[in-house]
Amino acid sequence: MPSLHTFASGLERDLDAVTAGLSTPWNSGVVEGHVNRIKMLKRQMFGRAGFALLRKRVLLAR
C-alpha cells in the first residue's frame with residue numbers, strides 16, 4: 001500500500017516532532033477551539049459585511 005508507506009516515511013522524517021507531540025502533557029485544543037469558532041463566524045457572515053463587523057462579532061461572541 002503506497003499511501004501507508006508514504007505516511008510511515010513522513011512519520012520517520014518528523015520523528016522528533018511526533019515524539020514531542022506524544023510525550024508532552026499539554027496540547028493546543030483551546031487554541032483550535034477558538035480558531036474553529038472564528039471560522040464559523042466568518043462562514044456565517046460571508047458576503048454580508050466588512051472586517052469591522054466581523055471583528056465586533058468575534059470579540060462579542062464568547
Side-chain angles (χ1 to χ4, degrees):
M1 295 175 22
S3 57
L4 185 59
H5 179 67
T6 304
F7 176 71
S9 64
L11 287 178
E12 287 177 346
R13 274 193 311 261
D14 293 333
L15 187 59
D16 291 336
V18 171
T19 304
L22 294 174
S23 61
T24 56
W26 50 271
N27 62 42
S28 61
V30 174
V31 174
E32 292 296 328
H34 287 297
V35 169
N36 188 34
R37 180 177 59 87
I38 290 171
K39 284 183 178 182
M40 181 212 39
L41 288 171
K42 186 178 174 183
R43 279 192 298 269
Q44 286 177 343
M45 295 181 59
F46 182 76
R48 295 188 183 166
F51 178 74
L53 185 58
L54 176 62
R55 181 177 184 274
K56 190 178 285 189
R57 287 217 39 205
V58 167
L59 293 175
L60 294 177
R62 290 186 182 220

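Because the structure is a prediction, the values reported are computed rather than measured.
Residues passing the side chain to side chain contact (heavy atoms under 4.5 Å, CB included) test with R13, sequence neighbours excluded: S9. Taking L11 as the reference, F7, V18 meet the side chain to side chain contact (heavy atoms under 4.5 Å, CB included) condition, with sequence neighbours excluded.
The side-chain heavy atoms of Q44 and M40, taken from C-beta on, include a pair separated by under 4.5 Å.
Note that CZ of R57 is 10.5 Å distant from CZ of R37, once rounded to the nearest 0.5 Å.
I38 and V58 get closest at one heavy-atom pair: CG1-CG1, 4.0 Å.
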